[in-house]
Amino acid sequence: MNLELEDRVALVTGGSRGIGLAIARALVREGADVALVARGREALENAARDLTEETGRRVVPIAADTGCSDSVREMVERVQDQLGGPDILVNNAATPGGGPVPSLAELTEADFEADMNVKVMGYLRCAQAVAPAMRARGWGRIINVSGLAARLSGSIVGSMRNVAVAAMTKNLADELGPHGINVTVVHPGATRTERTAEYIARQAAVRGLPEADIEREITGSNVIQHFLDASEIAWVVAFLASPKSIAISGDAIAVGGGMGRAIHY
């Protein structure tokens, strides 16, 4: 299937590694030019160089902090100056997870504010910054990468931030849809990235189990019995970023291999 992404311009935050980098790779392979955004300049530049060498497309590394309004405005201005657009925004930047989950008694305001500022307000800042140009062109795609903690308990802040992203997505879709802009949210399940080996080793040490047992536990957490790879999340996002996804807006797409027993309708 031709996703009709040739010469589209995409902005991917949290793009220097993991799911964000996999999404950027999927988009450039479909012919898009990509602004790769993260806070760490060295990792960004390495990732951008590798993608350009792989595909020959324009991949521009832009160091920015989506937790800061001024940084977001400057980021979008640089994208427009260097690539044009953007036609596509993939909101993926978030504070790293995988550590111990604080209980109610342990939870601090700082824990909450840091997570919400980057993953919720950061997504909103980026959407506000790109929407005017998308409206002027009459076309755009905004994909918010959230997580299946939106549908699961176990982490107070994790659930709250992901539910907030889903609520924001529907509100943006309702407002921007008449202007040709589709907005969706993707909920990845447990996904293999560059950080996975470290996470498994840490869990094995804390729980006193072999690493192979931890991996089998993760693999068995979905109905397809498959440890998802970041590239498999990226394929779904690439479709949602394309004109082919015209019929999908305001909705949450679970990409977890069938996690949980609840029925969502």
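Just so you know, these numbers use all the heavy atoms, side chains as well, and skip hydrogens, waters and symmetry mates. Bear in mind that the values here come from a model prediction, so they are computed numbers and not experimental data.
Applying the salt bridge (Lys or Arg N to Asp or Glu O under 4.0 Å) rule to Glu217 yields the partners Arg207; only residues at least two apart in sequence or on another chain are considered. For Asp251, the side chain to side chain donor-acceptor pair (under 3.5 Å) test picks out no residue, with sequence neighbours left out. In this view, Arg57 and Glu6, Asp7, Asp33 satisfy the side chain to side chain donor-acceptor pair (under 3.5 Å) rule, not counting sequence neighbours. The side chain to side chain donor-acceptor pair (under 3.5 Å) check on Glu106 picks up Ser103, with sequence neighbours excluded. With sequence neighbours excluded, no residue forms a side chain to side chain donor-acceptor pair (under 3.5 Å) with Arg41. Every residue two or more places apart in sequence or in another chain was checked for a salt bridge (Lys or Arg N to Asp or Glu O under 4.0 Å) with Glu109, and none qualifies.
The side-chain hydrogen bond (donor to acceptor under 3.5 Å, both in side chains) pairs that include a residue from residues 14-26 are Arg25-Glu54, where partners are two or more places apart or lie in different chains. The salt bridge (Lys or Arg N to Asp or Glu O under 4.0 Å) contacts involving residues 252-265 comprise nothing, where partners must be two or more places apart or lie in separate chains. Applying the salt bridge (Lys or Arg N to Asp or Glu O under 4.0 Å) test to pairs two or more places apart or on separate chains, none has a residue in residues 225-241.
Under the 4.5 angstrom side-chain criterion for Ile, Leu, Val, Met, Phe, Trp and Tyr, the cluster partners of Leu148 are Leu152, Met259. Taking Ile, Leu, Val, Met, Phe, Trp and Tyr as hydrophobic and joining them when side-chain heavy atoms fall under 4.5 Å apart, one finds Tyr265 in a cluster with Ile263.
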Distance-only donor-acceptor hits, side chain of residues 121-129, under 3.5 Å, sequence neighbours excluded:
from: Tyr123; atom 1: OH; to: Asn91; atom 2: O; distance (Å): 3.2
from: Tyr123; atom 1: OH; to: Val145; atom 2: O; distance (Å): 2.6
from: Arg125; atom 1: NE; to: Ser69; atom 2: OG; distance (Å): 3.2
from: Arg125; atom 1: NH1; to: Thr66; atom 2: O; distance (Å): 3.0
from: Arg125; atom 1: NH1; to: Asn117; atom 2: O; distance (Å): 3.1
from: Arg125; atom 1: NH1; to: Asn117; atom 2: OD1; distance (Å): 3.2
from: Arg125; atom 1: NH2; to: Asn117; atom 2: OD1; distance (Å): 2.6

